[in-house]
Structures are given as structure tokens and as C-alpha cells.
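Data first, discussion second: the structure below is written as C-alpha cells.
Chain A is the first sequence line, chain B the second, and so forth, proteins listed ahead of strands; every chain is numbered from 1.
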2 protein chains.
Amino acid sequence: MEKRRRDGGGAVLRERDPEARRERLLEAAGGVFAETGYAGGSVREIARVARVNVASVNYYFGSKEGLYREVLLRAHRQVMEAEAEPEGGGDAREALRGWVGYCLRFVLLRRATHPVLGRLMAHEMRQPTVALSELVSLVIRPKFEQLAAVVAAVAGGGMGREASELAAHQIVGMCVHFDHSREVVERLGYRVPSGEAEIAALAESVAEMALGGLAGMVRSGKGLEKRISK
Amino acid sequence: MEKRRRDGGGAVLRERDPEARRERLLEAAGGVFAETGYAGGSVREIARVARVNVASVNYYFGSKEGLYREVLLRAHRQVMEAEAEPEGGGDAREALRGWVGYCLRFVLLRRATHPVLGRLMAHEMRQPTVALSELVSLVIRPKFEQLAAVVAAVAGGGMGREASELAAHQIVGMCVHFDHSREVVERLGYRVPSGEAEIAALAESVAEMALGGLAGMVRSGKGLEKRISK
DNA sequence: GGCATTATGAAACGCCTGTTTATAAACACT
DNA sequence: AGTGTTTATAAACAGGCGTTTCATAATGCC
């Protein structure tokens, strides 16, 4: 077994600033992963964008997956810091409008305070990684339960827990559809909005259907948990 | 330039049946692509499943993309043959219920007459390939316009074309969400149905919200195209 | 029977991926 | 100045991908 002769790099002057490099890597990875998802983004491209050697990724984060986890955590932390809660108000119906608007803005607004997390979550829904469960319990579930509570409030006792949650899923479906299936929706002739005002208009339409739908459900007693019928 | 010496295989007996091989390849490719999408499925795995040499893929279909296109076409043809139109009935509201049920069955029923096309379409929505546009104009748009017409009928002239189509998108969103974001939805505690009966129940809930929502929209005049207000 | 045509299979090609290794420069401390 | 640790780099590694090459079986045809 002969030992192969290797020589690492010539006399290149090296900038030495671990913090900055780590940061650059996280920044670059955020952008790349947000664009193409976990599987789609390659460490080599990330390293290129961050102007850093490929090996640095493993040096700082252990593996591609480790880097991804940190990116996700960072994005989540940033969003949680600058959080604009869906404005409630005392009225339940108004709260529902607020939630829908918040959700649509989160999903459709690209230049918002969370340019990465929204995209990462979209990719996670499409092709989940090991991080999805964490993401669900950390950011998705709280928001969802919030919505379910609002739904129950709108129904005013007319709907049980299961029914409220099902309705909440349907409402979420209406919101995320415009981002999730954007390619199809746009090919069908609807220009998915990206500006605040247009998004607000879309939100009103979605909230309108949700509110009307809930009213109908309560009226017909479909959502009533302990209904006597058969 | 020396010519390298190669020898192709010993004296293995070869089954020779081009038709059957082509068919086996299409079958296998259907399964693999349906499971993991175009990018996710590898020609090597397809060849393995079809018990066929890798080179056969290119021999018969020119390329991976060629194979994919034929799979898509085949799946579409099969569905179009054994088509169960969403039962209409004279009533517009009943027609809407029928459409929602049809869509949910298409998306959620795994052992239906179209075990492949539904999955392929889901993948196309997530990460479109060159085939998406064709798919939209061939199968998605007709169904969508059908729904939009039903919506307009339910509204009974109370909604313009744009508004009906927007509402139709929202309804589609409610349906596909349960398949599209299945991983998230299930982690939130909702067991996405896979049997006929449960799907029908879900369909009723979705249709209920759609109908109630449309009623609300018409009542509030939100959807009215040439509304005078301001 | 001989011969061109069509199918088939094993291996190679070229390019990509994430990760590891060996080398070396920069720094901290004695 | 010398030593040891941390950080940076180029190259190698191992394996996957879609595709191509080339020898060879099996077939159809004269």
C-alpha cells in the first residue's frame, strides 16, 4: 500500500473568520434550499454562493442534513422574532378574516420578513424530510390550532372539535392551494397575486367562502358532534 | 488509440418478445414514476422492476423523458376509456356535490381505475416537468371549466366569470389539499380517508362549505361582476 | 444455408452527488 | 522560537445518474 502524495493548495492568502464563514454558509444555504428544496440544493452550489470550500460545509455542520437543520431553525427563529400576529379583534368572524389574510400573506408574499421559511415549508409539504415533524409541532400546529379555535368560535358551539378541525383543514387548503399548485392555477388563467393589496382581495374571497360555508354547516347541523340523526 | 476489448455476455438464453418488454417497461415506469415522480424515479430501477436491461429504455423510448411521456399518455388514455363522469342530475347544487366527490375520489382513491394518473398529476403539480402544460390542457382544464360552470349555475347569475373561476380554484384547493399536504394534515391528527365511504363523507363536508360559501358570496354581492357599489 | 436485420446484455462513459483525506496556513500559548 | 490546535483548501473517494458503445444472440428473408 503506497501512500499517495497530495498537496493541499499553494500559497494562497486565506481570510480567516470562522463566524463570518458560518454565517455566509447559512445565508447561502437558506437561499439555495428555499429555491430548490433540500434534495434539489447541492452543497457544491451552496459553497460556491458562499465563496467557501466544499469541505467547509461538513467541517462546520457535519453534513448536508446538519446544515439544513440549522437553516430551518434560523429561519424559524427570525420569523418568531419579528412576528405580526393575525390581528384578532373581539369578533370571531373578524378573527377568521385576519387568520386567512395572515396565512395567505405568509404563503404568497415573497419579500416579507420571512423570505426563506415560507419557501422551505412549501418544499417540506411537497417532499418531506426528517425535519417536517419538528416543523409541524414547532410552527404549523400552533397556527392550525389557533385557526381551529377561531372556527369553533365562529360556529358558536354549533360544531364539535373534529368538525372544526376538518373545516380548518379545508380553509388551509384554500389558502395554500394558490402557492402549492401555482403552476397549474396560473396555467388555468388565474394570475396568483404577489402584492399586498391583491392578496388582501384574495383573502377576502377565501374568508367569505369560509364564513358562508361555516354558516351553512351550522345551519344544516352537519358539523354538530352529538347530532341525534342517522 | 487502442480499441478496448469487451465481450457482451456469455451464452445466456434470451427471451425475445419486444411487445411484452415494451409493455413491462411502461408498466414498471408507471409504478415507479407514480411513486417518486419524474426526477425521483431512476431508469435503472425501472429496468430492474421490469426485469430488463437498462439500455432497453433508450432502445425503446429514446430517453427517460420519452418513456415518461408515453407513460403519461398511456395513463391518460386508460382513464379516458373507463371514465365515470361526475354524475350531474338537473340540480346545480347536486352537480357541485357530484363534482367534489369525483375530484376527491380521483385524488384519494388509490385502487381506482387510475392508480397512476392521479399520482403522476400530483407530482406534476409539485414539481412540474415539460409535460405539465400538455396535462393541463388535456385533462385538467376541461374538468376545471366544468366545475366553474357548475359554480356559476349554483350562483344562478349572481357571479361573473372571474368570480366563478376564483371560487372554483378555492374548491379545488379544498379537495387536493388532503392529498397534496397529506404528510402535514396527518401529522396534525386527521386521518386522510382512503375508502369509498369515508371519502364520500369528506366530500360532503367540502361540498357543504362550498355551497354555503357560494350562497354567502351571492348574498353579500361580493362575487357580482358589474356591481355598482364602491 | 447464408446473410442482413433486429434485440439484448454487460460494461464503459461522463457527469453529478455528499463526504473524506491529506496538506498546509493561521493562530494561541509557552 | 517552538509547539499544538483550529481553520482552510484541493484532491480523492465512493456511488448514483442517464446515456452510449459494442459484441452477440435471435429472427426474418432470400
key: OP1 or OP2 of dG9(C) under 4.0 Å from side-chain N/O of Arg21(B)   = yes
ask   = Atom CD of Glu19(B) and atom P of dA7(C): how far apart are they, to the nearest Å?
value = 9 Å
message = Are more than 12 heavy atoms, taken from residues, nucleotides or ligands other than Glu70(B), located less than 6.0 Å from that residue's CD atom?
response = yes
ask   = Rounded to the nearest Å, what distance is computed from the CG atom of residue Leu25(A) to the C1' atom of nucleotide dG18(C)?
value = 15 Å
inquiry  = Among dT9(D), dT19(D), dG9(C), which nucleotide has an atom closest to any side-chain atom of Ser56(B)?
reply    = dG9(C)
key: Rounded distance [0.5 Å steps], CG in Leu147(B) versus NE2 in His169(B)   = 9.5 Å
key: Sugar-phosphate only, base, or nothing, as touched by Phe61(B) at under 4.0 Å among non-hydrogen atoms   = nothing
key: Nearest-nucleotide comparison on DNA chain D, the residue closer to the 5′ end among Val52(A) and Val57(B)   = Val52(A)
note = Residue pairs passing the salt bridge (Lys or Arg N to Asp or Glu O under 4.0 Å) test with at least one member in residues 175-185 of chain B, sequence neighbours excluded, are Arg110(B)-Asp179(B), Arg119(B)-Asp179(B), Arg126(B)-Asp179(B), Asp179(B)-Arg182(B), Glu183(B)-Arg187(B)
task = Return the nearest nucleotide to the side chain of Ser42(A); candidates are dT7(D), dT17(C), dT20(C).
result = dT17(C)
Nearest listed nucleotide, side chain of Ser63(B), among dT19(C), dA10(C), dT19(D) = dT19(D)
ask   = OH of Tyr38(B) versus P of dC17(D): gap in Å, rounded?
value = 14 Å
ask   = So which one's nearest nucleotide on DNA chain C is more toward 5', Ala55(B) or Pro18(B)?
value = Pro18(B)
query = Can you name the residues that form a side chain to side chain contact (heavy atoms under 4.5 Å, CB included) with Tyr59(B), not counting sequence neighbours?
reply = none
ask   = Considering only side-chain heavy atoms of Lys64(B), which listed nucleotide, dT20(C), dG18(D), dT21(D), is closest?
value = dG18(D)
message = Under 4.0 Å, counting only non-hydrogen atoms across every strand here, what does Gly41(B) touch: a base, just sugar-phosphate, or nothing?
response = sugar-phosphate
task = Consider the side chain of Asn53(A), meaning its heavy atoms from C-beta on, and name the nucleotide among dT9(D), dT19(D), dT17(C) that approaches it most closely.
result = dT9(D)
request  = State whether the distance check finds a donor on one side and an acceptor on the other, under 3.5 Å, for side chain Arg16(B) versus base dT6(C).
outcome  = yes
task = Pick base, sugar-phosphate or nothing for Arg44(A), based on heavy-atom distances below 4.0 Å to the nucleic acid.
result = base
task = Look at the rings of Phe33(A) and Tyr68(A) and say which category their plane angle falls in: under 30° parallel, 30 to 60° tilted, over 60° perpendicular.
result = perpendicular
request  = Just compare dT19(D), dA8(D), dT21(C) and give me whichever is closest to any side-chain atom of Tyr60(A).
outcome  = dA8(D)
note = Among dT21(D), dT6(C), dT19(D), the one nearest any side-chain atom of Tyr59(B) is dT6(C)
key: Rounded distance (Å) that lies between atom C1' of dA8(D) and atom CG of Asn58(A)   = 14 Å
